[in-house]
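To keep things clear, I will list the structure first and then write my remarks on it.
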Amino acid sequence: MLKIVPTGAALVADITGVDLKRDMDEVSFARIRKAFDEYGVLRFRGQDLSMEELLFFANRFGPLDPTEPGAYGGKHDLDTYPELMIVSNVKEDGELIGALGDGELMWHCDMSNRPAPPWGTFLYAVEVPETGGATGFASMYAALAELSDDLRIRLEGRWAVSDGTYDSAGNPNTLPISSAHPMIARHPYSNRDLLYLGRRRNGYIEGMPTDESDALLDELWDYVVDDKFVWTQEWQAGDLVLWDNLATIHRRDSFDPESRRIMWRLQLTGQTIPPA
Ligand SMILES: [Fe+2]
């Protein structure tokens, strides 16, 4: 029996009583789809999925982006599963099987440097270390709802640039494009208003002196990662987490380089983000 169990944090619901290996009826899927708009992050624990099964479930939400060959280093099974990216620190025959290593990843939205950032990201834990590698999420719906009037006035009509020079691990991007997005934005799928920050490094607010832009962005990035907006996922093998990549930001803790962590990642194709 499918249940949607809110965690009590500003975002996130656990979806229980569902085996994603099995085909799901339309009514059950519609409840999950609605919960995605409502909570921004959904967690399904205790799953045992093949790549095909994960892809089948993800495709019910909408089209998936293909992984860019060579964009992240590591080995991808691009011929069979062009949308599936492996996130891992594991080496086989001296070659990394996936991307993003074992280090800390700073707060960001995925690929906010693109004109149309992905709508959502699926991350499925195949193998995880006993400690470390947790993923933190912060709700940008809640961050906007609780924004002070003073800050809100300063952001009205403003657009901020997400710089694409580096990825979230601090490595050079192979597609170093940058894009501007409205800071007070309307989610193109849920139609809810949110604070959109993208990524901090090299970012700036258009039409604002650099000093002022830096100070305002620093203030905002400090504000949005307050405990009241944040929830942290401690991974277990078999966890599938789906996050709304427009309505949330996320980060990752580092973990022991000697331990093994293997995750499968998919992303939902997005569209340009309109102002609120
Ligand atoms: Fe990310």
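Nothing here was measured: the structure is a model prediction, and the numbers come from that model.
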Exercise. Any donor and acceptor pair, going by atom type alone, linking the side chain of Arg261 with main-chain N or O of Gly133 inside 3.5 Å?
Worked result: yes
Exercise. Just wondering, are more than 12 heavy atoms of other shown residues or ligands nearer than 6.0 Å to OH in Tyr223?
Worked result: yes
For this session: Can you run down the salt bridge (charged side-chain N to carboxylate O under 4.0 Å, His left out) pairs that involve residues 221-230, sequence neighbours left out, and say none if there aren't any?
Result: Glu146-Lys228
Problem set entry | Tyr39 and Ser139: side chain donor to acceptor below 3.5 Å | no
Exercise. Charged N to carboxylate O under 4.0 angstrom, Asp102 versus Arg252?
Worked result: no
For this session: Could you tell me whether Arg31 and Asp25 have a side-chain N and a carboxylate O separated by less than 4.0 Å?
Result: no
For this session: Taking only Lys NZ, Arg NE, NH1 and NH2, and the carboxylate oxygens of Asp or Glu, determine whether Glu156 and Arg152 approach each other closer than 4.0 Å.
Result: yes
For this session: Flag yes if more than 12 heavy atoms outside Asp149 fall under 6.0 Å of its CG atom; otherwise flag no.
Result: no
For this session: Evaluate salt bridge (Lys or Arg N to Asp or Glu O under 4.0 Å) for Arg154 paired with Glu219, printing each intermediate quantity in order.
Result: CA-CA 12 Å; Arg154 290 163 71 193; Glu219 184 177 352; 3.7 Å; yes
For this session: Please work out whether the ring planes of Tyr196 and His181 are parallel, tilted or perpendicular, with thresholds of 30° and 60°.
Result: perpendicular
Problem set entry | Parallel, tilted or perpendicular: ring planes of Phe57 versus Phe44, cut at 30 and 60 degrees | perpendicular
For this session: Ignoring hydrogens and angles, tell me if any N or O in the side chain of Asp239 forms a donor-acceptor pair with the backbone of Arg45 under 3.5 Å.
Result: no
For this session: Any chance you could lay out the salt bridge (Lys or Arg N to Asp or Glu O under 4.0 Å) test for Asp253 and Arg251, step after step, and finish with the verdict?
Result: CA-CA 7 Å; Asp253 286 336; Arg251 65 172 296 280; 2.7 Å; yes
Exercise. Between the side chains of Asp110 and His250, is a donor N or O closer than 3.5 angstrom to an acceptor N or O?
Worked result: yes
Exercise. Would Arg60 and Asp23 count as a salt bridge (Lys or Arg N to Asp or Glu O under 4.0 Å) if you check the C-alpha gap in whole Å, the side-chain angles of each, and the deciding distance to 0.1 Å?
Worked result: CA-CA 11 Å; Arg60 293 188 75 157; Asp23 201 3; 3.4 Å; yes
Exercise. Out of Asp244, Thr269, Asn245, which residue meets the side chain to side chain contact (heavy atoms under 4.5 Å, CB included) rule with Trp119?
Worked result: Asp244
For this session: Name the orientation class of the two ring planes belonging to Tyr124 and Trp264 (parallel below 30°, tilted from 30 to 60°, perpendicular beyond 60°).
Result: tilted
Exercise. Between Phe61 and Phe122, how do the two ring planes meet: parallel, tilted or perpendicular, split at 30° and 60°?
Worked result: perpendicular
For this session: Report whether Phe229 and Trp107 are members of the same hydrophobic cluster (ILVMFWY, side-chain heavy atoms less than 4.5 Å apart, transitive linking).
Result: yes
Exercise. Is it the case that more than 12 heavy atoms not belonging to Lys3 sit under 6.0 Å from its NZ atom?
Worked result: no
For this session: Please answer whether the main-chain N or O of Ile97 pairs with a side-chain N or O of Ser88 as donor and acceptor at a distance below 3.5 Å.
Result: no
